[in-house]
Amino acid sequence: GKETHQSYIKYYKRLDEQIELQLRAKHKEIKSDIIPMETLIKHEDKLYENEEFNKFVACFIVRNCYCRNADLNITIVSDYDDVDDKNNFIVIRDRKIVIIRQDYKTNKTYGVSLNDKRFVYACKQLNYGEKLFPGADNPSKLQNRLKNALYTNEVQYLNTKIDEISKTGNLKELKIVSERRGSGLDQLITSYNLEF
């Protein structure tokens, strides 16, 4: 009836307001914990200078592909013939690196081509046929290795990028982040610190 209908409208309006308040509080908390992009890049520079190439590669991938920790369970190969349809790979070519993520929650393949000279050089220093972090054969071991590689957790890398986009309003860049991470635009906007 009409009274029930109106009560539902009020209920959902109140629920929407509560969700909006919670999101604003969450975004405020995220923004207070943003790490400047320069800090992340300086961390990469230090790893590169110290020839800690596997750690440098991990940081570079997280910062440029906006990926999750599990995506760094990744094998280094030099030929597409070594790529299967279930696992994650770094394919090393002459002047570029192709990151292929297939072991993924959405069962979708994500491929990103990167041609940064330092990144290409660092990848070429890694052992072909091995994982980026050999011996990290379960999620907890990989997590421990990543704690020693990444400046912070992978979500904060994403938050830093999203914060930059918030300041510039560059929606094309947001679309790139969405495609590389494998998250919808709505998910990025509501779950991180965008202020659209």
Side-chain angles (χ1 to χ4, degrees), residues 20-74 88 90 96-99 101 104 110-126 132-133 136 139-140 142-196:
E20 180 69 24
L21 287 172
Q22 288 173 358
L23 281 174
R24 284 178 189 227
K26 180 182 176 185
H27 290 181
K28 187 176 181 182
E29 183 181 323
I30 290 170
K31 282 189 82 64
S32 69
D33 203 24
I34 292 293
I35 294 164
M37 186 64 75
E38 300 81 38
T39 302
L40 301 178
I41 292 170
K42 280 180 186 174
H43 177 67
E44 285 176 23
D45 291 343
K46 184 177 176 185
L47 293 172
Y48 188 86
E49 288 162 14
N50 292 336
E51 298 185 357
E52 296 181 79
F53 294 122
N54 62 336
K55 293 179 181 180
F56 170 81
V57 166
C59 292
F60 194 92
I61 291 173
V62 170
R63 186 172 62 81
N64 289 278
C65 298
Y66 322 106
C67 62
R68 296 160 176 86
N69 281 346
D71 298 335
L72 293 171
N73 179 14
I74 194 166
N88 301 323
I90 295 173
K96 71 177 180 179
I97 304 298
V98 179
I99 310 297
R101 295 179 289 147
Y104 199 76
Y110 295 90
V112 178
S113 178
L114 302 168
N115 61 2
D116 178 87
K117 286 181 183 177
R118 290 194 323 161
F119 182 65
V120 171
Y121 177 81
C123 286
K124 288 181 176 180
Q125 307 315 303
L126 303 174
L132 180 61
F133 293 103
S140 64
L142 179 61
Q143 182 71 21
N144 284 337
R145 300 286 178 89
L146 291 174
K147 279 181 185 174
N148 292 322
L150 303 179
Y151 184 84
T152 180
N153 65 63
E154 85 283 3
V155 173
Q156 287 195 344
Y157 275 77
L158 178 61
N159 286 340
T160 296
K161 183 63 180 179
I162 297 289
D163 187 58
E164 281 191 340
I165 293 169
S166 291
K167 290 173 182 169
T168 63
N170 187 342
L171 296 180
K172 286 182 183 176
E173 193 70 19
L174 181 63
K175 190 170 185 297
I176 291 169
V177 172
S178 172
E179 289 167 357
R180 288 187 180 179
R181 183 164 171 86
S183 296
L185 291 172
D186 287 348
Q187 176 71 20
L188 291 175
I189 289 168
T190 56
S191 296
Y192 299 95
N193 61 336
L194 281 167
E195 295 181 7
F196 292 112

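Here, residue 1 is the first one in the sequence, and each next residue gets the next number. The shown structure was predicted, so the numbers you read here are calculated from the model rather than taken from an experiment.
A donor-acceptor contact shorter than 3.5 Å links the side chain of Ser178 to the backbone of Ser183. Of the possible polar contacts, one joining the Asp116 side chain to the Arg118 backbone as a donor-acceptor pair under 3.5 Å is found. With Arg145 contributing its side chain and Lys55 its backbone, the two residues share no donor-acceptor pair below 3.5 Å.
Taking the side-chain contact (heavy atoms from CB on, under 4.5 Å) definition, one finds that Pro139 meets it with nothing, sequence neighbours left out. Scored by the side-chain contact (heavy atoms from CB on, under 4.5 Å) test, Thr152 finds Ile35, Leu40, Gln156, Tyr157 as partners (sequence neighbours excluded).
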Glu173 and Thr168: CA distance, side-chain angles, deciding distance, side chain to side chain contact (heavy atoms under 4.5 Å, CB included) verdict: CA-CA 10 Å; Glu173 193 70 19; Thr168 63; over 6 Å; no
Working for side chain to side chain contact (heavy atoms under 4.5 Å, CB included), residues Phe133 and Leu146: CA-CA 9 Å; Phe133 293 103; Leu146 291 174; 3.7 Å; yes
Stepwise side chain to side chain contact (heavy atoms under 4.5 Å, CB included) check, Tyr121 with Tyr48: CA-CA 10 Å; Tyr121 177 81; Tyr48 188 86; 3.3 Å; yes
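Residue Lys175 holds its NZ atom at 13.0 Å from CD1 of Ile165, rounded to the nearest 0.5 Å. We find the CZ-CD1 distance between Phe60 and Ile41 to be 9.0 Å, quoted to the nearest 0.5 Å. Leu174 contributes atom CG, which lies 10.0 Å from atom CD of Glu179 (distance to the nearest 0.5 angstrom). Between the CD1 atom of Ile99 and the CD1 atom of Ile74 there is a distance of 5.0 Å, given to the nearest 0.5 Å. Between Glu49 atom CD and Leu47 atom CG the span is 9.5 Å, to the nearest 0.5 Å. Note: Ile176 CD1 to Cys65 SG = 12.0 Å, rounded to the nearest 0.5 Å.
Few gaps surround NZ on Lys124; more than 12 heavy atoms of other groups in view lie less than 6.0 Å from it. The number of heavy atoms from other shown groups lying within 6.0 Å of CG (Asp186) does not exceed 12.
Taking the six-membered ring where tryptophan is involved, the planes of Phe119 and Phe56 are tilted, since the angle between them lies from 30° to 60°.
Using a 4.5 Å cut-off on side-chain heavy atoms (C-beta onward), Cys67 and Val62 make contact.
Of all non-hydrogen atoms in Pro36 and Thr160, the two that sit nearest each other are C-CG2, 4.2 Å. Heavy-atom minimum distance, Asn54 versus Leu132: CB-O, 3.6 Å. Shown here for Leu188 and Val177, the closest heavy-atom pair between the two residues is CD1-CG1, 4.0 Å. Between Val57 and Cys123, the closest heavy-atom pair is CG2-SG, 3.8 Å. Contact detail for Ile97 and Ile90: the closest heavy-atom pair is CG2-CG2, 3.4 Å. Of all heavy-atom pairs between Ala70 and Leu142, the closest is CA-CD2, 4.4 Å.
Paired with Arg63 under the rule salt bridge (charged side-chain N to carboxylate O under 4.0 Å, His left out), one option of Glu38, Glu164, Glu44 passes, and it is Glu44.
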